[in-house]
Amino acid sequence: MNLKIEPTPHRTVSEVVIDDPVISARKLNFWYGGSQALFDNDLDVAPLKVTAIIGPSGCGKSTHIRVYNRIFEQYRGQRAGGQVVMDGADLLSPGTDIIALRRRIGMIFQKPTPFPMSIFENVAYGVRLHFSFTRKQLEQKVEESLRAAALWDEVKDLLHKPGTALSGGQQQRLCIARALAMSPEVLLMDEPTSAIDPVATARIEELMLELKQRLTIVIVTHNMQQAARISDYTAFFYQGRIIEFGATARMFTNPSHPRTEEYITGRFG
Amino acid sequence: MTDLRLSYRSSATRKAMDVFVRAFSIASAAIGIFFLLWILWVVLKKGHTVLAWSFFTSAPPSPGEGTGGIRYALVGTLKMTGLAFLMGVPVGLLTGVYLAEFGRHSWFAAGVRFCVNLLMGIPSILVGLFAYTLIVLATPRHYSGQAGAFALAIIMLPTVARTTEDMLLLVPDTLRESALALGIPRWRTITGILFRAARKGLLTGVLLSVSRVSGETAPLLFTALNNNFYPRDLSQPTANLTVTIYNYAMSPYDNWQRVAWGAALVIMAFLLGLTVLLRTLLKERNR
């Protein structure tokens, strides 16, 4: 299947056109039961860049990215309409292999959720299901992933300690390592630093800048400074609609839409 | 007009009330504990006389003369409980998994949940009658340990199912989501991650179901009956502790009555041990 995607028709205020987007949402609508949460979202995710999604609470930021890996589907009454295109195929179509999709699109959640097993097993568990590795290759993969998540040096001697024994920030990096071990192309991060302290937050932000060398990141954040520091593009959501999309540097200095400006300058939100 | 700020109730009445309520509740608790201790004491006093290693390893005594033991009944009970475990626990676990993971909001699950609750409250004698009509009357050999195990399994099922559901619901959804988001299939998420997260609770449910059936007599009266011979296989009437207690305690023979007290003590000690184990498990959970 090869869907033709028109260049971003951001009817919302936008002056940028993303070339070769990794993921393109078109007319994405979303319902929780009878109430609609997303309205005709059009968004292109630029490859090897960080795209930040900002906006006041309840504006649909998380809802939007939870469509990309179809994690919303396990809840009754949650429904998505429209298209989300990746590699020329609509990942919302019923034929999509969800397991393979979730290997390609990883997700990090607000609260770190280590599995109830050792640090090593936390990373190895998913790897075993998706790859056929020898023990040696598996160990190598675990080490690589922990290194990529900047956690290896802290845990290399504790690999058989439970993952829950780590600090909050370390747990979140363990979750990142776990996701990286799947060799994803895209990493969705749903307020990944809102539950951890400022020092640990700084480490994770540094990590994201390293990671974007090899994968695409979409981050939902409440923290405007964070969006400004780490993202290349920003989408401003308001009441389920994308109000403005553009290069972060431009949007934070010279927003086109009055709502964006009000939000960024802290007049509401 | 009176000054409302000054109309306090006297603190003497309040204090008297406090003393009264406190004394009343302490007395109520004491009554309960008193009877429990009394039962424990009587069983211990009457049962300990026969307690020796030979009590566990010898055949039942002849009526009226000699000493003997509960070897056959003990083995029969263990075998039947084991078979009941193999039937009741997997079905109960999977029922709980269905209720917590797959059918949270479906009307079918609501029906299943209702039935499980109902099953939990059904008098065990009815379960015995059910097994009697379903299996005992339908098989040529009539009474059998298998029918007994079947009845016990039915009693275990709702306990395991309910605790499994409750314990899985305690696992936060974020853990489910993060497993699924890694591309881990649903069944692997449940068996590999959620079971592990809830393992102590699940074990508690299983042990609870064992403790529930270990004192059951009524369902076995209709199914396993009793036997004076070693329970080689469960296709025959099978000796077991509770029916042995029932039969021997009602008998006129002094030596049989002593065996009944001894068997009662064994069951009681087993339940006590199981309860302590459960308490420690639960305590560790909450830490």
Side-chain angles (χ1 to χ4, degrees), chain A residues 33 62 65-66 68-77 97-118 121-131 162-164 171-172 174-184 186-190 192 195, chain B residues 93 96-113 163-206 281-287:
Chain A
S62 298
I65 64 164
R66 284 168 65 87
Y68 290 4
N69 65 350
R70 288 174 63 168
I71 195 75
F72 69 89
E73 279 181 356
Q74 67 153 338
Y75 300 100
R76 209 179 154 83
D97 177 353
I98 295 197
I99 303 294
L101 172 71
R102 289 177 183 164
R103 191 202 60 68
R104 298 178 68 192
I105 305 184
M107 191 171 213
I108 305 298
F109 298 86
Q110 187 170 353
K111 271 171 94 185
T113 50
F115 296 149
M117 45 186 88
S118 70
E121 277 302 316
N122 257 281
V123 183
Y125 195 85
V127 176
R128 281 206 200 89
L129 294 176
H130 288 283
F131 305 90
T164 44
Q171 286 186 11
Q172 193 63 301
L174 179 62
C175 292
I176 293 175
R178 192 167 73 182
L180 292 177
M182 305 285 103
S183 312
V186 180
L187 198 57
L188 308 174
M189 306 180 97
D190 191 353
Chain B
L93 268 178
V97 166
Y98 170 73
L99 291 177
E101 299 298 326
F102 294 101
R104 269 192 216 180
H105 308 289
S106 77
W107 60 267
F108 179 69
V112 171
R113 195 173 292 113
T163 33
T164 302
E165 184 193 4
D166 291 347
M167 294 303 157
L168 286 177
L169 287 180
L170 284 181
V171 177
D173 270 342
T174 50
L175 195 64
R176 278 180 192 86
E177 284 186 7
S178 47
L180 293 172
L182 280 178
I184 298 174
R186 194 108 178 246
W187 70 275
R188 291 294 299 251
T189 301
I190 294 169
T191 55
I193 291 165
L194 301 186
F195 273 11
R196 227 177 283 203
R199 63 185 179 279
K200 279 192 183 130
L202 300 186
L203 188 60
T204 306
V206 169
L281 272 179
L282 285 175
K283 227 176 244 163
E284 269 179 51
R285 249 191 83 77
N286 295 337
R287 215 183 292 150

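Naming: A, B, ... by sequence-line order, numbering from 1 per chain.
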What part of A/I99 is in contact with chain B, defined as an atom under 4.5 angstrom from a non-hydrogen atom: side chain, backbone, both or neither? both
Which N or O donor-acceptor pairs, by atom type, sit under 3.5 Å across chain B and chain A?
from   : atom 1 : to     : atom 2 : distance (Å)
B/E177 : OE1    : A/R66  : NH1    : 2.9
B/E177 : OE2    : A/R66  : NH1    : 3.3
B/E177 : OE2    : A/R66  : NH2    : 2.9
B/E177 : OE2    : A/Y75  : OH     : 2.7
B/S178 : OG     : A/T113 : OG1    : 2.8
B/L182 : O      : A/H130 : NE2    : 3.1
B/G183 : O      : A/H130 : NE2    : 3.2
B/R188 : O      : A/Y125 : OH     : 3.4

If every non-hydrogen atom of A/P114 is compared with every non-hydrogen atom of B/L175, which pair is closest and at what distance? O-CD1, 3.7 Å
Going by ring pair (Phe, Tyr, Trp, His ring centres under 6.0 Å), name the residues that satisfy it together with B/F102, two or more places apart in sequence or in a different chain. none
Please find the pair of heavy atoms, one from B/G192 and one from A/M117, that lie closest to each other, and give the distance. O-CE, 3.9 Å
So, for B/L182 and A/A179, which heavy atoms are closest and what is the spacing to 0.1 Å? CD2-CA, 3.8 Å
Would you mind checking which part of A/P184 comes under 4.5 Å of any heavy atom in chain B, side chain (CB onward), backbone (N, CA, C, O), both or neither? neither
Considering only heavy atoms, which portion of A/I105 lies under 4.5 Å from any heavy atom of chain B: side chain, backbone, both, or neither? backbone
